[in-house]
Novice: 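The structure follows.
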Amino acid sequence: MEYRNIPHFVIKTNLQKSKNTGVYFSDVATPEVLRDVCYRITGQTAFTHVYVDNDYQDMFLEKSYNKGRMAIMQYKDVVSYISFSELEIGGRNSSVQSVPTAFNLYYSNPYPKKRLYYYFLNVSGNAETDYQILIYRLMNTIGFEFLNASGSLLRRIQAFNSVEDIIFNRRINAGRNRSNNSTFITKGHAGEIEIYGKTYGANKYETSLICYALSSLWQQGQRIKLYEVLEGDLKELPEASLNVIKQMGIIDVVPTDMTLEKRIYDGKETSLRSPRYIYNLFNKLGNKHCALCNCEIPELIQGAHILPVAAIRRMHSIPIETRLEYALDGDNGLWLCENHHKMFDEGMISFDNHGGLLLRNDIDQRHMKFIDETTKYKVLPPEFLTDRFLWYLEQRRLVG
Ligand SMILES: [Zn+2]
């Protein structure tokens with residue numbers, strides 16, 4: 001790359017939808033904005049800049065529209081990737097959309113002397129919800145420096161310092177607002193870190209960021225899997241994101257399409273672990289938490305079918321698609337710890353139609369005492385008791 005004594009910006013003018021919206025990136029990254037950016041990065045106020053069209057390319061920009069809401073700045077032998085926020089930070093996804101793309105371009109470029117920045121444009125609207133702070137922290141974790149955060153945000157943005165740190169904060173954040181639950185991070189057996197993420201629509205941005213952040217905090221001995229929750233035949237994460245995850249080399253990516261699920265439930269696949277079922281339980285019930293005691297140790301919490309998989313498999317008169325639907329339905333289940341799951345499957349405990357706990361009457365008195373003491377909740381929360389849930393409960397009684 002050319003050595004530059006004066007900072008030089010190159011900016012793609014067209015955004016993906018500029019032709020429709022009439023908003024061009026040159027209207028956003030104006031010379032005034034660039035001056036501020038330049039000063040914050042280099043301490044210089046003199047700079048040059050050029051706005052370029054889609055067919056322009058160099059070693060940092062490919063032939064396309066402006067991906068990642070980005071400007072490239074070269075100064076001396078250092079290249080800076082600067083991604084800009086939306087003008088109005090409103091919806092939870094609009095603020096995230098361009099970020100993984102900007103990161104992908106930055107990360108994939110082999111040029112060694114590179115920096116990654118984020119710049120808040122004229123922030124109106126709420127740029128500081130808990131969700132957005134979580135996103136900024138993920139960004140900081142993967143290497144974004146915030147150029148003007150202190151003037152734009154009240155809270156300080158701090159990078160996460162461990163995988164556990166992300167899991168914990170994600171949990172709190174998702175707990176406050178159920179609509180945030182599009183990606184779940186938990187621990188499975190043997191302490192394996194599992195990400196269940198939707199990889200289509202707006203959720204793919206968040207899933208990508210979480211994967212990048214977990215990869216950058218990875219420590220020896222940790223195993224991390226991403227279960228991509230696909231919709232029908234669509235869609236894995238965008239290729240650029242998958243490539244970055246592969247390049248980072250930490251996370252195993254497992255696409256969970258319906259073909260896989262079908263194999264699991266028609267008996268050809270012996271494993272009963274169905275990522276999609278787990279995802280659906282997360283979606284209905286929130287984070288792993290035994291419904292009957294206070295156990296939240298993710299390694300000990302399991303998805304417990306109301307109508308058991310073995311019984312579903314025996315329903316030969318019903319089409320495989322319907323059986324699959326039963327087996328994967330978030331309403332056909334509970335989070336239970338290993339103890340309570342076993343008690344449930346052994347038939348020692350069950351539930352009446354109001355979610356009340358029933359104990360089998362032949363249980364030894366001494367064991368009754370143990371069950372009573374370890375079972376803190378004797379009735380299920382009302383939000384569990386959907387019509388579907390009660391129907392599965394009835395079917396469970398019928399198959400005995
Ligand atoms: Zn329990």
Novice: Between Ser80 (side chain) and Ile82 (backbone), is there a donor-acceptor pair under 3.5 Å?
Specialist: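 It does not hold such a pair.
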Novice: Would you kindly check if the NZ (Lys) or CZ (Arg) of Lys12 is within the cone defined by 45 degrees around the ring axis of Tyr51 and under 6.0 Å from the six-membered ring centre?
Specialist: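 No, cation not above the ring by the 6.0 Å, 45° rule.
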Novice: Is it the case that the side chain of Asn148 and the backbone of Phe120 share a donor-acceptor pair, with hydrogens and angles ignored and the cut-off at 3.5 Å?
Specialist: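 The answer is yes, because a donor-acceptor pair under 3.5 Å joins these two groups.
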Novice: Any side-chain to backbone donor/acceptor pair from Thr375 onto Tyr377? Under 3.5 Å, distance only.
Specialist: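 Looks like no, no N/O pair under 3.5 Å.
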Novice: Examine Arg115 relative to Tyr106 and say whether NZ or CZ is less than 6.0 Å from the centre of the six-membered ring and inside a 45° cone about the ring axis.
Specialist: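 No, Arg115 and Tyr106 do not form such a contact.
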Novice: Output every pair passing side-chain hydrogen bond (donor to acceptor under 3.5 Å, both in side chains) with a member in residues 238-247, not counting sequence neighbours, ordered by first then second residue.
Specialist: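 For residues 238-247: Asn104-Ser241, Ser208-Ser241, Tyr212-Ser241.
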Novice: Are Leu153 and Tyr131 connected, step by step, through hydrophobic side chains (Ile, Leu, Val, Met, Phe, Trp, Tyr) whose heavy atoms are closer than 4.5 Å?
Specialist: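 Looking at the clustering, Tyr131 is in the same group as Leu153.
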Novice: More than 12 foreign heavy atoms under 6.0 Å from CG of Asp364: is that the case here?
Specialist: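 Counting other residues, nucleotides and ligands, CG of Asp364 exceeds 12 neighbours.
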Novice: Any side-chain to backbone donor/acceptor pair from His305 onto Ala327? Under 3.5 Å, distance only.
Specialist: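 Confirmed, His305 side chain pairs with Ala327 backbone.
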Novice: Of the non-hydrogen atoms in Tyr277 and Asn332, which two are nearest, and what is the gap between them?
Specialist: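 Looking at all heavy atoms of both residues, the closest pair is OH-O, 2.7 Å.
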Novice: Going by side chain to side chain contact (heavy atoms under 4.5 Å, CB included), name the residues that satisfy it together with Asn14, two or more places apart in sequence or in a different chain.
Specialist: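 Asn14 satisfies side chain to side chain contact (heavy atoms under 4.5 Å, CB included) with Ser18, Tyr24, Asp53, Asn54, Tyr65 only.
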Novice: Does the salt bridge (Lys or Arg N to Asp or Glu O under 4.0 Å) test come out yes or no for Glu325 and Arg388, once each step is laid out?
Specialist: CA-CA 12 Å; Glu325 190 192 313; Arg388 298 281 294 172; 3.4 Å; yes
Novice: To the nearest 0.5 Å, what is the distance between CD on Glu394 and CD1 on Ile306?
Specialist: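 Result: 13.0 Å between the selected atoms.
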Novice: NZ of Lys76 to CD of Glu2: how many Å apart, nearest 0.5 Å?
Specialist: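 If I round to the nearest 0.5 Å, the distance is 15.5 Å.
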Novice: Under 6.0 Å between ring centres, would you say that holds for Tyr196 and Tyr279?
Specialist: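 No: the rings miss the under 6.0 Å criterion.
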Novice: Is a side-chain N or O of Arg276 found less than 3.5 angstrom from the main chain of Leu328, in a donor-acceptor match?
Specialist: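 No; judged by distance alone, with no hydrogens or angles, the pair does not exist.
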Novice: For Glu206 and Arg170, run salt bridge (Lys or Arg N to Asp or Glu O under 4.0 Å): C-alpha distance rounded to whole Å, both residues' side-chain angles, the deciding distance at 0.1 Å, then the answer.
Specialist: CA-CA 11 Å; Glu206 177 190 305; Arg170 175 67 193 156; 3.1 Å; yes
Novice: Would you check, one step at a time, whether the test side chain to side chain donor-acceptor pair (under 3.5 Å) holds for Asp329 with Tyr392?
Specialist: CA-CA 10 Å; Asp329 193 347; Tyr392 287 118; 2.8 Å; yes
Novice: Backbone N or O of Gln395 within a donor-acceptor pair of the Trp391 side chain at under 3.5 Å?
Specialist: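 No: the side chain of Trp391 does not pair with the backbone of Gln395.
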Novice: Do Asp58 and Tyr56 have a side chain donor and acceptor closer than 3.5 Å?
Specialist: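 A pair is found: one side chain offers a donor N or O, the other an acceptor, under 3.5 Å apart.
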Novice: Is there a donor-acceptor pair under 3.5 Å between the side chain of Glu228 and the backbone N or O of Leu237?
Specialist: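 Such a contact is found between Glu228 side chain and Leu237 backbone.
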Novice: Can you give me the closest heavy-atom contact between Phe384 and Ala291, atom names plus distance?
Specialist: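 Distance-wise, the nearest heavy atoms are CE2-CB, 3.9 Å.
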Novice: Could you verify whether a donor N or O on one side chain and an acceptor N or O on the other, from Gln74 and His8, lie under 3.5 Å apart?
Specialist: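 Judged by distance alone, the side chains do not pair up.
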Novice: Mark yes or no for whether Asp372, through its side chain, and Met368, through its backbone, hold a donor-acceptor pair below 3.5 Å.
Specialist: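 Not confirmed, Asp372 side chain does not pair with Met368 backbone.
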Novice: Applying the salt bridge (Lys or Arg N to Asp or Glu O under 4.0 Å) test to Lys187, which of Glu296, Glu192, Glu164 qualifies?
Specialist: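 Only one option passes, and that is Glu164.
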Novice: Any idea which heavy atoms bring Leu121 and Ser85 closest together, and the distance?
Specialist: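 For Leu121 and Ser85, the tightest heavy-atom pair comes out as N-OG, 2.9 Å.
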Novice: Does the side chain of Asp77 reach to within under 4.5 Å of the side chain of Tyr111, using non-hydrogen atoms?
Specialist: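 Side-chain contact under 4.5 Å: yes.
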Novice: Describe, in one word, how the ring planes of Phe282 and Phe184 are oriented to each other, choosing from parallel (under 30°), tilted (30 to 60°) and perpendicular (over 60°).
Specialist: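 Plane angle under 30°, so parallel.
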Novice: I need the minimum non-hydrogen distance between His340 and Cys290, along with the two atoms involved.
Specialist: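 Result for this residue pair: ND1-SG, 3.5 Å.
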Novice: Is it true that the side chains of Asp36 and Tyr119 contain a donor and an acceptor less than 3.5 Å apart?
Specialist: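 Side-chain D/A pair, Asp36 to Tyr119: present.
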Novice: So which heavy atom on Cys211 is nearest to which on Ile245, and how close?
Specialist: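 Of all heavy-atom pairs spanning Cys211 and Ile245, the closest is CB-CD1, 3.7 Å.
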Novice: How close do Met59 and Asn109 get, heavy atom to heavy atom, and via which atoms?
Specialist: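 Closest approach of Met59 to Asn109: O-ND2, 2.6 Å.
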Novice: Test Phe146 against every option in Tyr136, Tyr117, Phe84 by the ring pair (Phe, Tyr, Trp, His ring centres under 6.0 Å) rule and name the one that passes.
Specialist: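 Considering Tyr136, Tyr117, Phe84, a ring pair (Phe, Tyr, Trp, His ring centres under 6.0 Å) with Phe146 is found only for Tyr136.
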Novice: Say whether, by atom type as modelled, one donor and one acceptor occur between the side chain of Ser216 and the main chain of Ala213 under 3.5 angstrom.
Specialist: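 Yes, because the side chain of Ser216 sits within donor-acceptor range (under 3.5 Å) of the backbone of Ala213.
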Novice: When you measure from the side chain of Glu346 to the backbone of Met343, do you find a donor-acceptor pair of N or O atoms at a distance under 3.5 Å?
Specialist: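 Not confirmed, Glu346 side chain does not pair with Met343 backbone.
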